[in-house]
There are 2 protein chains.
Amino acid sequence: MNTHEKILTTAAFLFQKNGYHATGLNEIIKESATPKGSLYYHFPNGKEELVAATIKLMGDKIQHQIEEELAKNSDPVQAIKEFILDLARNFYEKDQENCFSISLLALETVSISESLRKTCIEVYDLWTDTYYQKLISSGFSSEKATELSLILQLMIEGAITISLIRNDTTMLVAVAEKIPILLQK
Amino acid sequence: MNTHEKILTTAAFLFQKNGYHATGLNEIIKESATPKGSLYYHFPNGKEELVAATIKLMGDKIQHQIEEELAKNSDPVQAIKEFILDLARNFYEKDQENCFSISLLALETVSISESLRKTCIEVYDLWTDTYYQKLISSGFSSEKATELSLILQLMIEGAITISLIRNDTTMLVAVAEKIPILLQK
DNA sequence: TAATATGTAGACCAGTCATTATAATTATTA
DNA sequence: TAATAATTATAATGACTGGTCTACATATTA
């Protein structure tokens, strides 16, 4: 892993876990064992450029993971339910591979800059579209799929948020159980 | 309004809007026009004591507002739906009276201190219980009411979060429309 | 090899942070 | 009114922040 990647993955982990303001550049360079000069060489516009890059990185990575999980089951109800139960199962392994929420970052960006906020919205749109495609490919109408994919996005992000705050996966499981009634045609 | 209250309400507004780390004590004393000495006189343990007090304050205030709104309609489906639509209607008036979410603060507290996290959980429990009481008083079983009040809490907080990030109330309205199907017996 | 781009290394800067210390003021009570 | 408590008002503190700067090392190319 080169310096650029090391900085990016470390930053992604810390930003996602502790948020933008609670994560210092010094913490990032210490954790990634890279000098400050390198950080500003690879991200000349500093913290904001770095966090924008990590949001995009996480957005893409998570989208692929969602896609992968949903592909395991042709039935969308079962696929999405299993995906959420999987989130619950892996919840307590808090490593780089197990972050499926950018809520903290996204909420912070609202009062940081419009461009960062926009970056977060694009990530949410990307994830929502992944659910949308699954629903479409299972015969849902475009209208229904649009509405339901947004609700799915909301419930999953909400369940992760509450699980993080409570440090307890009950709500993830509860949402998983609600998927059938939510997706009834 | 005395100094104590002035500090508290200003802090509540700023913490809720910008989060814990993005809100400086200097900003609070400037905005509330109170000297720093007073802040540390009324809140000797500084920022953390202050934010704990604001979380409790907001928790209670919002609980009463929820109760009030829900009381306007005997039918729980209609009551909750109208409550959410009301949130959407008042969404763009971002003053002290119009904050119904502590998601940003709550997510931040996870990596600040256990005691702050606990304070947030108590607030969530308080709100959830308000929905629970409404459902119980409308004939829902205790089991059903427990499950549904948690889901309601999740969906409302989630919808506010997404509305804040998108600066757009579409998801609040969408969730309001989903209430009937969600609360079907 | 010489010259040039690419990247690394860390000291340094001005500003801000939460907090503390201390003085001055106001209110309360004897 | 005198004495004491309660509160306000700032200045100062050390730690830390994001960002800049320049020297140095390592590649790449001529």
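Reckoned from all heavy atoms, side chains included, excluding hydrogens, waters and symmetry mates. Chain naming here is simple, since letters A, B, ... match the order of the sequence lines and numbering starts at 1 in each. Treat the numbers as computed from the prediction; the structure is a model and nothing was measured.
- Not less than 6.0 angstrom separates the ring centroid of A:Tyr20 from the ring centroid of B:His21.
- The side chain of A:Tyr41 contributes an N or O atom lying less than 4.0 Å from OP1 or OP2 of C:dG7.
- Distance, B:Leu39 CG to C:dA21 P: 16 Å, rounded to whole Å.
- Here A:Glu27 does not pair with A:Lys30 in a salt bridge; the nearest charged N to carboxylate O distance is not below 4.0 Å.
- Put simply, CG on B:Leu50 is 15 Å from P on C:dC17, counting in whole angstrom units.
- For the pair B:Ile7 CD1 and D:dA9 C1', the computed distance is 12 Å after rounding to whole Å.
- To the nearest angstrom, C1' of D:dT7 lies 7 Å from NE2 of B:His42.
- Side-chain atoms of A:Tyr132 and A:Ser142 include a donor-acceptor pair closer than 3.5 Å.
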Q. Going 5' to 3' along nucleotides 14-28 of chain D, which nucleotides have protein heavy atoms under 4.0 Å from the base (write B), which only from the sugar-phosphate (write S), and which from neither (write -)?
A. ---SBBB--------
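- Within the 4.0 Å cut-off from OP1 or OP2 of D:dT7, not a single side-chain nitrogen or oxygen of B:His4 is found.
- Using a 4.0 Å cut-off, some side-chain N or O of B:Thr3 falls inside it from OP1 or OP2 of D:dT8.
- Salt-bridge check for B:Glu68 with B:Lys72: failed, with every basic side-chain N at 4.0 Å or more from each acidic carboxylate O.
- Here B:Thr34 lies out of heavy-atom contact (under 4.0 Å) with every strand.
- Checked for salt-bridge contact, A:Glu177 and A:Lys81 meet the test: a charged N lies under 4.0 Å from a carboxylate O.
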